[in-house]
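As the structure lists them, so they are numbered: ligands from 1, and atoms in each ligand from 1. As a basis for the values below, the full set of heavy atoms in this structure was taken, side chains included, without hydrogen atoms, waters or symmetry mates.
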Amino acid sequence: MKKSPLQKARAAYQPKLPIVLTGAVKAVEGKPTQSVANQEEIRKLFPNTYGLPELKFEKNSNPTAGKPVNVGVILSGGQAPGGHNVISGLFDGIKKIHRDSRLFGFLMGPGGLVDHKYIELTSAIIDEYRNTGGFDIIGSGRTKLETKEQFDKGLEICKELGIKALVIIGGDDSNTNAAVLAEYYKGIGADIQVIGCPKTIDGDLKNECIETSFGFDTATKVYSEVIGNIQRDCNSAKKYWHFIKLMGRSASHIALECALQTQPNICIISEEVEAKNLTLDDIVANIANTVAARAQYGNNFGTVLVPEGLIEFIPAIKKLIAELNEIVAVNADKVAALSGNELESFIAGSLSAENAATLKSLPANVARQLMLDRDPHGNVQVSLIETEKLLADMVGTRLKAMAAEGKYNGKYSALHHFFGYEGRCADPSNFDADYCYALGYNAACLINAGVTGYMSSIRNLVKPSVQWIAGGIPITMMMNIERRNGADKPVIQKALVRLDGAPFKKFASQRDDWAMNTCYIYPGPIQYFGPAEVCDQPSLTLRYEHQGK
Ligand code: FBP
């Protein structure tokens, strides 16, 4: 494979491990745990893996010789920078246990386990991918592991390859599936451990014990670089309003982090929209008022950050989506048999009067996307909804009305952008390169400790990496019961932006200034080589959340 000079230099980077993982470790048990909510229901659903203790690794001065172990690894869901380092850390970790250990990568996501598609990951392959972005080493996919048939097919291939442990690298849904799989294998005495790793650029897989998911740091740095570039262009020509949608599915962590890094004129936070019970019209009016206020000072330009999940947080639309989900789930056979206009009229005709009215108030293309586009987990495919264009157009219409009333006399010219895929496969920042390598290496330590149903956990992340704390968190501890596809399911609770959290408070305390005055910050590209304050800083979200700790 031909490599760029940066790729060559990056390949030589040795990720830093927490000091505790640089030698032999022993797992020290904490107190038994319980799920974040619905304790009794979750306990019943996970009789073999509920209530396990948290684990922390400490130095072991009396280690015993390890035995070779065969491990399978799966990349699940959307790409996130650093996945290759999780795999290289895992590889190095199991080789440290015993040099004859072997690592098998299942191809194109969880489907590879079910369909028995895999490759053996040798050191020659691993070395090609160290510190690189992407998931192309084995590919990723969104097949949901949830049926007994799938679990049994997985068991078959594990037996054939002598695999004793599976590591699933994924987001909240994939780690929920990891917990279900762990419970199933333990329940039937299959003697296969299942370990999860917290991945997603969205930043919504975090809690008391998992400080951040990997990929968030790099992706937000990439988006912030480009937002900064746009802001500088915008401040040079002073003639465009830029509407920039940012990936992140439901939660607005990415938009908030990018706002903190770049100080745009406006950033919408979906969780606040919901809390304040705003309508789409309210949001449009707020933006139009800022555009008009800036125009009074001759500033006919600006930037607006829009989180990907905005639409589903507008309370009326949220209600509509909940009923749409229910209709699609309850009539699964009929929905599968219909398509196009027929499917649309069936779904629209099944709605309550209130929700039908909300649907009618939306532009036709948005209404169609809400009705028809779902991913395999049943989620509305928010990344397909062009909210940035919708808002830019609606603001334009409103400004015309304001001009007619003599309330606006500026020039409005809008451009729109969507940043998502641009950041998901970037070469990991030093933070993500180190964090991911540690997560993978630590997963090997959890395998060596013989546990199952745990998520690899590396904490104390605002401190230098040598001081990071390594251990394992029972996945059931993060679960609650939620309505999914028309049924109550045990799932990992998604972390949304907390309006009482330090990152949002910081943003809220400064946004009025950013709206009227041009306070743009231009973060520039990710730096891999140079002073630590330029190269090794974790995200502002993480720093504000853990300030003083
Ligand atoms: P994960 O939750 O699987 O990490 O995926 C995150 C994400 O990048 C979201 O931000 C986005 O909405 C979605 O994936 C896009 O999905 P796809 O890659 O299938 O287009």
Going by the order shown, which atoms of ligand 1 are within less than 4.0 Å of some heavy atom of [X]?
{"X": "G248", "result": "10 (O)"}
{"X": "Y421", "result": "15 (C), 17 (P), 18 (O), 20 (O)"}
{"X": "T200", "result": "1 (P), 2 (O), 4 (O)"}
{"X": "K199", "result": "1 (P), 3 (O), 4 (O)"}

query = Can you find a side-chain donor-acceptor pair between N85 and Y435 that sits under 3.5 Å?
reply = no

message = So that I know where these two stand, are H242 and H416 an aromatic pair - ring centroids less than 6.0 Å apart?
response = no

request  = Identify whether NZ of Lys or CZ of Arg in R424 sits under 6.0 Å from the centre of the six-membered ring of Y421 and within 45° of that ring's axis.
outcome  = no

Can you tell me if [X] contacts ligand 1 (heavy atom of the residue under 4.0 Å from the ligand)?
{"X": "Q79", "result": "no"}
{"X": "A80", "result": "no"}
{"X": "G77", "result": "yes"}

task = Please indicate whether any nitrogen or oxygen in G78 is less than 3.5 Å from any nitrogen or oxygen in ligand 1.
result = yes

key: Partner set under side-chain contact (heavy atoms from CB on, under 4.5 Å) for D536, not counting sequence neighbours   = K16, N430, A532

task = Measure up the F243 and W241 rings against each other and bin them: parallel (under 30°), tilted (30 to 60°), perpendicular (over 60°).
result = tilted

note = Sorted by chain and number, sequence neighbours left out, salt bridge (Lys or Arg N to Asp or Glu O under 4.0 Å) with K319 holds for E354

